[in-house]
2 protein chains.
Amino acid sequence: MTQNHPSIAEVASLVGNPARANILTALLDGQALTAGELAYVAQVSPQTASGHLGKLAQARLLTVAKQGRHCYYRLASPLIGRMLEGIMAVAADGPPRYRPAWRGDEALKELRTCYDHLAGRLAVALADALAARRHILLTADGGIVTAEGTDFLARFGLDMERVGQGKRAFCRPCLDWSERRPHLAGAIGAALAHRCFETGWVARLPDTRALSLSPAGRAGFAEVFGLHPD
Amino acid sequence: MTQNHPSIAEVASLVGNPARANILTALLDGQALTAGELAYVAQVSPQTASGHLGKLAQARLLTVAKQGRHCYYRLASPLIGRMLEGIMAVAADGPPRYRPAWRGDEALKELRTCYDHLAGRLAVALADALAARRHILLTADGGIVTAEGTDFLARFGLDMERVGQGKRAFCRPCLDWSERRPHLAGAIGAALAHRCFETGWVARLPDTRALSLSPAGRAGFAEVFGLHPD
DNA sequence: GCGATTGTTCGGTTTCGGCCGAAGTGATGG
DNA sequence: CCATCACTTCGGCCGAAACCGAACAATCGC
């Protein structure tokens, strides 16, 4: 049996470099960043980052868009984000010695974006709350939205017709690497996050994937979902 | 923002070596293999393989069980398989130059195991057939089994009570790296595969993840699912 | 245009990790 | 109790790649 999966090793080794891993995780929220910004987050010189970006683009993990003298890089497809989530889930599960002291921002643990949906303590609590009220049902492999859940989310402002492309809404668990419990991803997760931005409950912060929670958002999460941040 | 995800890069770089990637994919069907067998599939010497296996075990990607003078290695958790699936999906999507000539077995493309469920041309066709009859509904993010589907699968011999842990059966799409279209994974995929082994429709072949299709299986797939292999 | 800014390419150094030969450990079996 | 087998550990070799300084290309603002 000479199976040989060279491409698997090639893809994985691209991610298996600290600088490139930092670049990819920085792009995990779907935004496009310039080469310079990525060099900064990767903590390497611009010329080193340029080399990494070239490799990632050649392997089709990133796409590049030139705008003026800036080069905007973004993940080539949601598939890449899905792969990174999978690796992060394993990494978070790994031997404790690799992550004894969490050097990241506390705000990042509380609430952040994960590709196109919400992650962090609050997002996990949100998934828990929805599950507890039987609005959604989650397992390790998938999830469904109940009829009551569909009504509830529609009242919250989600266009459930569009989300489900018909009348069905699919949801998917995504293992949260800081909480190590699943939060809500998939079409529902994305729509929910979008609605939270739309209402001004949460907003993006510059230079980080962490999100800020507005007073209205704090009150809203408490009222609508029974959550009490911090 | 000094996020730093060293563990991501560490995990990915473990996979990012051809020998280790071969080892991991060989274990992808959930079986345990000895160090010698893994050295063979990885196409390296036993002492080199031993080094790789030691690293993989230390990082908790593999677990090892000593039995006599044999060491049986297996994936440490389904999470690992999930991660590998994600990487394979991206690799299959990558630049065509990496896979111009498929060097593997043709049988592998036709039907094989993928961790605990079926994969390959036949498995994709199976998922298509179930979806076409509205027995299941699949998107990129998840899937559900309809009421008719539950009845149908129960008649086929699946214990739908147990599978769904209650009365709900969860299913999940898994991107097939040879077909590049989703096949059926999750609890339903595993139960379906188990039933196919149980009825003798398919059987494992030695030294490969490819599966053999019995005459009964050929007839059965045609009759029950309307599939005509090869 | 000219300097400033952004990004890439080139060259050379250095470090890291994969690889195998040889030797060591431990279990098996006659 | 000794030969064999399965696996691991040790030591040294070698190639790949990450890194940065320096130079080069392209764009913008004035």
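All values below come from the heavy atoms of this structure, side chains included, with hydrogens, waters and symmetry mates left out. A quick note: this is a predicted structure, and the numbers were derived from the prediction, not measured.
- Between A:T34 and the phosphate of C:dG7, there is a side-chain N or O to OP1/OP2 separation shorter than 4.0 Å.
- With D:dC7, D:dA18, C:dG18 as the choices, the nucleotide that has an atom nearest any side-chain atom of B:R20 turns out to be C:dG18.
- Between A:Q67 atom CD and D:dC28 atom P the separation is 11 Å, expressed in whole Å.
- If you check D:dA17, D:dC7, C:dT8 against the side chain of A:K55, the one that comes closest is D:dA17.
- What separates CG of B:L33 from P of D:dA6 is a distance of 15 Å, to the nearest Å.
- Following rounding to the nearest Å, A:I23 (CD1) and D:dA18 (P) show an atom-to-atom distance of 11 Å.
- Dashed line: the shortest gap from a side-chain N or O of A:Y73 to OP1 or OP2 of C:dT8 is under 4.0 Å.
- Rounded to whole angstrom, the span from the CG atom of A:N17 across to the P atom of D:dA16 amounts to 17 Å.
- Residue contacts shown for B:K66 are absent, as no nucleic acid heavy atom lies under 4.0 Å away.
- The side chain of A:H70 places no N or O atom within less than 4.0 Å of a non-bridging phosphate oxygen (OP1 or OP2) of D:dT27.
- Of the options A:R112, A:R74, A:R204, a side chain to side chain contact (heavy atoms under 4.5 Å, CB included) to A:D29 is made by A:R204 and by none of the others.
- OP1 or OP2 of C:dG17 has not a single side-chain nitrogen or oxygen of B:H52 nearer than 4.0 Å.
- A:L61 CG to A:M83 CE: the interatomic distance, rounded to the nearest 0.5 Å, is 5.0 Å.
- Side-chain contact between A:L126 and A:L192 is present, with at least one heavy-atom pair separated by less than 4.5 Å.
- With axes fitted over five pairs at each extremity, the angle between the ends of the helix from C:dG1-D:dC30 to C:dG30-D:dC1 is 30° (10° resolution).
- Among all heavy-atom pairs drawn from A:S214 and A:G200, the shortest one is OG-O, 2.9 Å.
- Comparing D:dG21, C:dC19, D:dT8 against the side chain of B:Q47 picks out D:dT8 as the nearest.
- Checking D:dC20, C:dG26, D:dT9 against the side-chain heavy atoms of B:R69 singles out C:dG26 as nearest.
- In this structure, B:L38 atom CG and D:dT8 atom P are separated by 10 Å, rounded to whole Å.
- In terms of the side-chain hydrogen bond (donor to acceptor under 3.5 Å, both in side chains) criterion, residue partners of B:R195 (sequence neighbours excluded) are, by chain and number, B:E198.
- Residue A:L28 holds its CG atom at 6.5 Å from CG of A:L75, rounded to the nearest 0.5 Å.
- Regarding A:Q43, its CD atom lies at a distance of 15 Å from the C1' atom of D:dA18, rounded to whole Å.
- In this entry the distance linking CD of A:Q58 with C1' of C:dT9 reads 15 Å, nearest Å.
- The minimum heavy-atom distance between B:A9 and A:A21, with the atom names listed, is CB-CB, 3.9 Å.
- Contact between the side-chain N/O atoms of A:S45 and the OP1/OP2 oxygens of D:dC20 is found at a separation under 4.0 Å.
- Summary of the strand contacts: A:S13 and B:S50 both lie near DNA chain D, and taking for each the nucleotide with the nearest heavy atom, the more 5' one is attributed to B:S50.
- Between B:H117 and B:H183, the angle of the ring planes lies from 30° to 60°, which puts this pair in the tilted group.
- OP1 or OP2 of C:dC20 has at least one side-chain nitrogen or oxygen of B:T48 nearer than 4.0 Å.
- Here D:dA18 presents its C1' atom at 14 Å from CG of A:L53, a figure rounded to the nearest Å.
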